Amino acid sequence: MASPASRRILVTAALPYANGHIHLGHLVEYVQTDIFVRFQKLRGHDCIFLCADDTHGTAIMIRARAEGRGEHEVIAEMRAAHLADFAGFEIGFDHYGSTDSDANRRLCAIVWQSLRDRGLVAGRAVEQLFDPVAGVFLADRFVRGTCPRCRATDQYGDACEKCGATYSPADLVDPRSTLSGATPEVRSAEHLFVRLEPLQEFLRGWTQSSGALAPQVANYLAGHFLGEPLRDWDVSRPAPYFGFEIPDAPGHYWYVWFDAPVGYIAATEEWAAARGGSWRDWWQAGDVPPAEIHHFIGKDITYFHTLFWPAMLAAAGLTLPTKVRIHGFLTVNGEKMSKARGTFVLARTYLEHLDPAALRYYYAAKLSGDIDDIDLNLDDFAAKVNADLVGKVVNLASRTARWLEATGLADRYPEDGGLFARAAADGAAIAAAYEDCDFARAMRLIMAAADRANAYVDAEQPWKLAKAGPASAARLRDVATVALNLFRQLAVYLAPVLPRLAAQTGNLVGGPIRSWDESQQPLVGLPVAPFTPLAARVDPARIAALLAATTPSPPALSPPSTAGAPMTTDSGAPLAAEPLAPTCTIDDFSRVDLRVARIVAAEEVADSRKLLKLTVSLGGDTTRTVFAGIKGFHAPADLVGRLVVVVANLAPRTMKFGTSEGMVVAASGAGAEGVYLLSPDTGALPGMRLH
RNA sequence: GGGCCCGUAGCUCAGCGGUGAGAGCAGGGGACUCAUAAUCCCUUGGUCGUAGGUUCGAAUCCUACCGGGCCUACCA
């Protein structure tokens with residue numbers, strides 16, 4: 001229940017598009033927003049976190065066609081996937097809607113009518129390329145052709161990657177639809193526009209002095225858009241289009257970027273209706289107290305949220321955003337996320353390998369609330385999470401809780417040299433940092449408190465008190481009581497970032513953490529449950545596995561496809577021809593050191609009937625010369641570059657042609673023709689051992 | 001072409017006009033052994049991208065340049 005002093009805060013994260021899965025880049029925003037919301041709730045404010053799938057547009061329509069099914073089937077499937085991913089990362093939406101909802105259709109109509117009433121809608125013919133085979137108008141990116149300036153081939157319809165020229169798709173020398181391959185034709189169609197110039201004055205005022213935007217964003221808008229007359233915004237698309245048909249303009253559909261932000265309101269409506277309220281309680285002025293509206297977005301969609309969206313809201317007489325909080329993009333190991341490098345990591349792939357809490361903490365430690373890109377450096381990630389969360393915070397409980405299992409906390413809070421009070425006083429600065437979305441600062445302050453707490457434990461040496469017997473029991477209880485209270489205080493401060501740690505801490509001592517104020521008073525006289533591990537260390541091997549699972553198979557190096565070969569038809573002949581060897585132990589096996597190696601050179605051995613001379617790399621500078629009996633089955637040139645498995649600790653053997661320093665593993669024999677080299681799954685690196 | 005952001009120790013980042021430039025991690029040395037090889041103490045390490053300028057004083061303000069990232073209105 002909200003107290004009179006509490007604020008009403010509506011928070012949104014950008015709506016993920018239904019054409020793709022959630023990846024680590026998306027999660028920067030959802031984790032950031034979730035932390036902010038959990039913080040506000042912990043502070044006792046009336047805060048709701050709304051989001052939805054963004055479902056409409058050409059891309060979904062094209063995809064559904066390509067997959068031979070309806071758009072609604074596609075978006076339902078993607079919605080389920082998105083929700084599962086978000087749940088895995090403990091993103092706590094109060095409601096998750098869809099732009100393809102009745103509520104959204106109604107609200108779009110309301111906003112639309114307001115624009116009409118104010119004379120802000122205008123119609124005009126637009127010439128656009130049309131695919132006569134697919135029967136759709138083509139957005140620029142669905143057209144490719146030869147650049148009219150530099151003649152580079154296969155360029156997008158809006159700009160040339162080679163020479164940087166920008167143009168209209170109709171200017172391409174030999175335009176082709178990427179949908180059907182057909183040559184598009186220029187067709188004229190009526191589009192509806194929102195006139196923004198009449199709102200120029202309003203937008204200038206709101207962007208420059210409302211306080212909703214960071215100064216550099218305001219400058220960007222002032223310099224880039226507001227310095228000249230605002231162009232009309234094209235908000236309709238002709239049929240066929242997957243979206244909502246405009247009620248007073250049959251055959252025209254709202255462009256996806258019109259109905260997407262209205263989805264924020266629609267989600268509010270669905271959430272409020274379930275509680276007997278209305279979206280108007282949050283989006284229309286006049287309420288006491290008025291609601292704050294905070295939008296979290298990425299910098300790529302800045303102008304939609306800082307020009308078009310406020311224009312729509314203003315025209316409809318609705319509440320303008322209190323803050324538009326803009327974050328940068330995610331890089332991985334200092335570079336743009338890349339499928340080829342294996343750094344384009346999907347949320348669910350991450351969840352299969354690592355703890356979501358680790359990523360939440362790492363993002364929190366990096367997010368400063370400004371527009372800079374943040375980098376996920378994977379070495380740093382493991383080091384930071386292990387040092388901070390496990391080494392400092394969790395360790396505090398791990399090293400002291402067990403001394404209180406029998407006795408519980410001391411009945412009066414002992415002298416602690418002012419440590420608890422000092423960290424309690426820090427609460428104001430930590431809260432201010434959370435409020436500013438400067439989570440990095442909050443984490444630094446919290447970790448400083450954790451350092452002080454660990455130093456306290458070290459100085460008091462409770463393990464010596466434990467050994468000293470009954471005479472020191474009271475003192476031991478006091479020291480452990482201090483340490484555990486300092487730990488729980490940290491857990492309160494970290495609760496917005498690490499909700500599961502907060503819950504586990506509540507189970508350990510003191511019950512569920514419900515309020516920020518619990519950081520201000522130590523607990524006494526309560527039982528302490530048996531300690532259970534609260535966080536797992538990040539194992540670098542798991543990160544490697546994650547990247548390996550993410551890296552796509554380069555076509556040239558893929559193992560042969562087994563598709564279409566039902567497993568039940570495999571012959572038993574090879575096994576029968578060469579029965580299994582006698583059982584060996586794991587120790588026997590481990591004496592054979594099998595390694596992944598890359599063939600860096602291969603040549604025929606002139607005088608040999610069967611041998612190829614290979615040079616294999618075990619990574620770094622380590623190479624081996626190996627003679628392999630695979631001549632006739634593999635052309636040397638085809639082998640260079642590929643990964644194989646070698647017996648790396650095989651005793652060198654002098655042969656007629658030289659010394660062989662290992663052996664390449666291959667399947668063969670048993671009556672079958674051919675020698676088949678083994679290839680590791682993609683992602684394996686030279687030097688990796690087979691276990 | 002125009003614009004925005006960033007460039008500080010090996011790594012990730014604070015500091016953003018004023019005592020000799022900081023933290024965490026990594027590296028080196030020591031202590032401890034309660035704890036998920038965790039913790040504590042000491043310590044090595046930087047011409048604050050480059051070049052100019054403003055100022056009594058600049059990592060901090062201005063200009064230019066170099067490097068990285070991003071935006072530029074039908075890519076979401």
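All values reported here derive from a predicted model rather than from experimental measurement. Within every chain, numbering begins at 1; the chains are lettered A, B, ... in the order of the sequence lines, protein sequences first and strands thereafter.
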By the 4.0 Å heavy-atom rule, please label [X] as base, sugar-phosphate, or nothing.
X	result
Leu307(A)	nothing
Asp54(A)	sugar-phosphate
Tyr255(A)	sugar-phosphate
Phe381(A)	nothing
Ala455(A)	sugar-phosphate
Ala535(A)	base

Near-strand residues of [range], defined as heavy-atom separation under 4.0 angstrom from RNA chain B:
range	result
residues 432-454 of chain A	Arg441(A), Arg444(A), Asp451(A), Asn454(A)
residues 393-407 of chain A	Val394(A), Asn395(A), Ser398(A), Arg399(A), Arg402(A), Trp403(A)
residues 457-467 of chain A	Asp458(A), Trp463(A), Lys464(A), Lys467(A)

Checking [X] now: which residues fulfil salt bridge (Lys or Arg N to Asp or Glu O under 4.0 Å) with it, not counting sequence neighbours?
X	result
Asp234(A)	Arg237(A)
Asp355(A)	Arg500(A)
Asp232(A)	Arg124(A)
Arg452(A)	Asp426(A)

Looking at residues at least two apart in the chain, or sitting in another chain, which of them share a ring-ring contact (aromatic ring centres under 6.0 Å, His included) with Phe381(A)?
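ring-ring contact (aromatic ring centres under 6.0 Å, His included) list for Phe381(A), sorted by chain: Tyr362(A).
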Suppose we screen for ring-ring contact (aromatic ring centres under 6.0 Å, His included). Which residues come up paired with His26(A), at least two apart in sequence or across chains?
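If we apply the ring-ring contact (aromatic ring centres under 6.0 Å, His included) test to His26(A), skipping adjacent residues, the hits are His23(A).
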Quick check for you: among [options], whose closest atom lies nearest to any side-chain atom of [X]?
X	options	value
Arg537(A)	A38(B), C11(B), A76(B)	A38(B)
Ile371(A)	C5(B), G24(B), A76(B)	C5(B)
Ser368(A)	C11(B), A14(B), U72(B)	A14(B)

May I have all residue pairs that pass ring pair (Phe, Tyr, Trp, His ring centres under 6.0 Å) and include part of residues 453-483 of chain A, sequence neighbours excluded?
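Of all non-adjacent pairs touching residues 453-483 of chain A, none passes ring pair (Phe, Tyr, Trp, His ring centres under 6.0 Å).
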Is any side-chain N or O of [X] closer than 4.0 Å to OP1 or OP2 of [N]?
X	N	result
Tyr303(A)	C71(B)	no
Lys299(A)	C4(B)	no
Tyr456(A)	U39(B)	no

Provide the distance between the two [atom1] atoms, one in [N] and one in [M], to the nearest whole Å.
N	M	atom1	value
U63(B)	U19(B)	P	25 Å
U12(B)	G17(B)	C1'	27 Å
U33(B)	A38(B)	C1'	10 Å
C62(B)	G24(B)	C1'	34 Å

Where RNA chain B forms stems, i.e. three or more consecutive Watson-Crick or G-U pairs with both distances under 3.5 Å
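For RNA chain B the paired stretches long enough to count as stems (3 pairs minimum) are B:1-7 with B:66-72, B:10-13 with B:22-25, B:27-31 with B:39-43, B:49-53 with B:61-65.
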Would Arg402(A) pass as a cation-pi partner of Phe531(A), given that its NZ or CZ must be under 6.0 Å from the six-membered ring centre and within 45 degrees of the axis?
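No; the conditions do not both hold, so Arg402(A) does not lie above the ring face of Phe531(A).
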Grab the [atom1]-[atom2] distance between [X] and [N] for me, whole Å please.
X	N	atom1	atom2	answer
Ile374(A)	C70(B)	CD1	P	15 Å
His23(A)	A76(B)	NE2	C1'	11 Å
Met78(A)	A76(B)	CE	P	16 Å

Taking side-chain hydrogen bond (donor to acceptor under 3.5 Å, both in side chains) as the definition, give me every residue that meets it alongside Asp451(A), ordered by chain and number, with sequence neighbours left out.
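So Asp451(A) forms a side-chain hydrogen bond (donor to acceptor under 3.5 Å, both in side chains) with Lys392(A).
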Using the ring-ring contact (aromatic ring centres under 6.0 Å, His included) rule, take Phe258(A) and Trp112(A) through it: C-alpha gap first, then chi angles, then the decisive distance, then the call.
CA-CA 9 Å; Phe258(A) 182 88; Trp112(A) 183 249; 5.7 Å; yes
Grab the two heavy atoms, one from Phe296(A) and one from Gln32(A), that are nearest each other, plus how far apart they are.
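The pair with the smallest heavy-atom distance is CD2-OE1, 3.6 Å.
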Between C11(B) and Asp380(A), counting only base atoms on the nucleotide and side-chain atoms on the residue, is there a donor-acceptor pair under 3.5 Å?
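Checked by distance alone, the answer is no.
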Would you indicate whether Arg475(A), at its atom CZ, is surrounded by more than 12 heavy atoms from other residues, nucleotides or ligands within a distance under 6.0 Å?
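Yes - once you tally the heavy atoms of other residues, nucleotides and ligands closer than 6.0 Å, there are more than 12.
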